[in-house]
Amino acid sequence: MAVLVTGGAGYIGSHMVLALIDAGHEEVVVLDDLSTGFDWALPPEVTLVRGDVADQTLVAETIRRHNIDALAHFAAKIVVPDSVSDPLGYYLANTVKSRALIEAAIGAGVRHVIFSSTAAVYGEPSVVPVPEDLAPNPINPYGRSKLMTEWMLEDAARAHGITYVVLRYFNVAGADPRGRSGQSTPNATHLIKVATQAALGRRERLEVFGTDYPTPDGSCLRDYIQVSDLAQAHLVALNHLRRGGESLTLNCGYGRGYSVLEVIDVVKSVSGVDFPVKLSPRRPGDPSRIIAGADRIRAELGWVPQHDDLREIVTQALAWEDALGRRNRI
Ligand SMILES: NC(=O)c1ccc[n+]([C@@H]2O[C@H](COP(=O)([O-])OP(=O)(O)OC[C@H]3O[C@@H](n4cnc5c(N)ncnc54)[C@H](O)[C@@H]3O)[C@@H](O)[C@H]2O)c1
Ligand SMILES: O=c1ccn([C@@H]2O[C@H](COP(=O)(O)OP(=O)(O)O[C@H]3O[C@H](CO)[C@H](O)[C@H](O)[C@H]3O)[C@@H](O)[C@H]2O)c(=O)[nH]1
């Protein structure tokens, strides 16, 4: 039995690949078009199939050739403000292409699917921390594009007798503690990544998007989950499904929120650099606060996070950014 990881050359997918290899998993096959991912992020024992998740012939051939029983679907477009300016591009990448992938995968015999969903499906939640059974109400095309895929997967699983785990990630950050992978996307927009670049002098300054939100310091609150902890959540989800466990939808977060200004303070403190910060207007599509109700995944899967510490997350992100800068100069 082998696992197909779509988007495995990307930030989170590459950590899933490392987690599978570290756990001694059989064959790991990555399907990635390298649009935002990097082949060098993959260990040599992994098979990389370069292509599009919507190429049904390629998907079916890959699944049959490698005897794949489980699919972990990470490939997507992921930038919330881009989804506001290019909604149809996001519905194509995240919804239409996922439909094609799910159809081809089920047709070729895949039994289990783990899907990378997002806290963005909750929109501006009425309850914080957000429980999984709160009715989703996304406020941007990114969240809607992912929610539609959740629904397709749920319906297709019921109709075709397969099982799935939908993982709704909150804000993913940090890097592999052994320094093998991290967030490498050029022009990335994620707060901790951008702040570490400012600390290392690779950006002139950091902009804070909105200081008039109804939060204690006026900036947005987010629940930052360390990327290897998140990869472990996928491993336990995979084991659950292979043992015959039922389909589940689970939040992935620590259940605690930090404001944008608090995150900046931690990055300044860890790096020792007082980089310039500009207070700017709100960014389109941003909810004011989003924090995970984090109990269900622990109860259902026995997931135990190892890196629930913002200073550790920032330290890893800084180390990765530093190494990436040196690598790119070579
Ligand atoms: N980063 C976060 O904070 C966050 C939060 C919630 C959910 N997610 C979800 O996690 C998943 C992974 O995100 P990431 O941060 O690793 O992003 P990423 O951009 O680093 O990785 C995406 C990978 O998918 C590949 N890809 C994109 N479209 C493809 C296609 N059509 N065919 C084949 N490969 C394709 C890219 O080349 C890249 O390697 C996404 O589904 C995203 O929606 C991310
Ligand atoms: O330079 C920056 C970058 C971000 N922010 C702020 O920091 C917070 C976090 O922003 P990110 O861009 O890091 O992350 P998002 O919360 O927008 O989105 C992330 O988490 C979501 C779930 O909460 C989605 O899953 C999405 O894929 C993922 O990018 C937001 O309030 C944003 O306005 C800034 O102030 N300045």
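It should be emphasised that the depicted structure is a prediction, and the values quoted were computed from it without experimental measurement. Each ligand, and each atom within it, is numbered from 1 in the order the structure gives.
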Around atom 27 (O) of ligand 2, find the nearest protein heavy atom and jot down its residue, atom name and distance. Tyr142 OH, 2.8 Å
heavy-atom search around atom 16 (O) of ligand 2 in the protein gives Arg222 NE, 2.7 Å
Counting heavy atoms only, name the option from Val263, Ile12, Thr118, Asn171 that's nearest to atom 14 (O) of ligand 2. Asn171
Heteroatom proximity flag, Phe209 to ligand 2, N/O under 3.5 Å: yes
Once salt bridge (Lys or Arg N to Asp or Glu O under 4.0 Å) is applied, what residue pairs with a partner in residues 196-208 remain, sequence neighbours excluded? Arg202-Glu321
Could you tell me whether Val194 and ligand 2 have an N or O pair separated by under 3.5 Å? no
Pairwise distance OH(Tyr169) to CG(Leu250) - rounded to 0.5 angstrom: 12.0 Å
Under 4.0 Å from a heavy atom of Asp286: which atoms of ligand 2 are those, numbered in the order shown and with their elements? 17 (O), 30 (C), 31 (O), 32 (C), 33 (O)
Before accepting this row, confirm whether a basic side-chain N of the pair Glu300/Arg296 lies closer than 4.0 Å to the acidic partner's carboxylate O. no
So which heavy atom in the protein is nearest atom 17 (O) of ligand 2, and how far is it from that ligand atom? Arg283 NH2, 2.8 Å
Sequence neighbours left out, what passes side chain to side chain contact (heavy atoms under 4.5 Å, CB included) with Asp39? Give chain and number order. Leu34, Leu48
Leu4, Thr62, Val46, Thr47 screened by side-chain contact (heavy atoms from CB on, under 4.5 Å) with Val30, the one that passes: Val46
For Leu206, counting its heavy atoms only, list the atoms of ligand 2 lying under 4.0 Å from any of them. 1 (O)
For Val208, atoms of ligand 2 separated by under 4.0 Å from a heavy atom: 35 (O)
Checking a contact table here: which protein heavy atom is nearest atom 29 (O) of ligand 2, and how many Å away? His190 NE2, 2.7 Å
Would you call Arg158-Asp155 a salt bridge at under 4.0 Å N-O? yes
Residues with a heavy atom under 4.0 Å from ligand 1, by chain and number, are Gly7, Ala9, Gly10, Tyr11, Ile12, Asp32, Asp33, Leu34, Ser35, Thr36, Gly37, Gly51, Asp52, Val53, Phe74, Ala75, Ala76, Ile78, Lys97, Ser116, Ser117, Thr118, Tyr142, Lys146, Tyr169, Phe170, Val172, His190
For Glu207, the ligand 2 atoms whose distance to one of its heavy atoms is below 4.0 Å: 1 (O), 2 (C), 34 (C), 35 (O), 36 (N)
Quick note, salt bridge (Lys or Arg N to Asp or Glu O under 4.0 Å) partners involving residues 231-250, not counting sequence neighbours, are Glu26-Arg242, Asp69-Arg242
So which protein heavy atom does atom 3 (C) of ligand 2 come closest to, and at what separation? Thr189 O, 3.3 Å
For atom 13 (O) of ligand 2, grab the closest protein heavy atom and report residue, atom and distance to one decimal in Å. Leu191 N, 2.8 Å
Out of Ile291, Val130, Asn137, which residue meets the side-chain contact (heavy atoms from CB on, under 4.5 Å) rule with Pro125? Val130
Take Arg282 and Asp286 through the test salt bridge (Lys or Arg N to Asp or Glu O under 4.0 Å) and record every step on the way to the result. CA-CA 8 Å; Arg282 293 182 181 196; Asp286 276 345; over 6 Å; no
Any side-chain donor near an acceptor of the partner, Arg311 and Ser269, under 3.5 Å: yes
Within the side chain of Glu262, is there an N or O that forms a donor-acceptor pair under 3.5 Å with the backbone of Ser259? yes
Give the atom numbers and elements of ligand 2 that come within less than 4.0 Å of a heavy atom of Cys220. 31 (O)
Asp52 and Lys97: CA distance, side-chain angles, deciding distance, salt bridge (Lys or Arg N to Asp or Glu O under 4.0 Å) verdict: CA-CA 9 Å; Asp52 193 309; Lys97 290 192 177 192; 2.7 Å; yes
Near Ala119 (heavy-atom distance under 4.0 Å), the atoms of ligand 2 are 22 (C), 23 (O)
Under 3.5 Å between some N or O of ligand 2 and some N or O of Tyr224? no
Less than 4.0 angstrom from a charged side-chain N to a carboxylate O is my criterion; do Asp22 and Arg180 meet it? yes
Can you list the ligand 2 atoms lying under 4.0 Å from a non-hydrogen atom of Val260? 6 (C), 7 (O), 8 (C), 31 (O), 35 (O)
Ring-face cation of Lys268 near Phe275 (centre distance under 6.0 Å, axis angle within 45°): yes
Show which atoms of ligand 2 fall inside a sub-4.0 Å distance from at least one heavy-atom site of Ile78. 27 (O), 29 (O)
Is it true that Lys146 and Glu150 have a side-chain N and a carboxylate O under 4.0 angstrom from each other? no
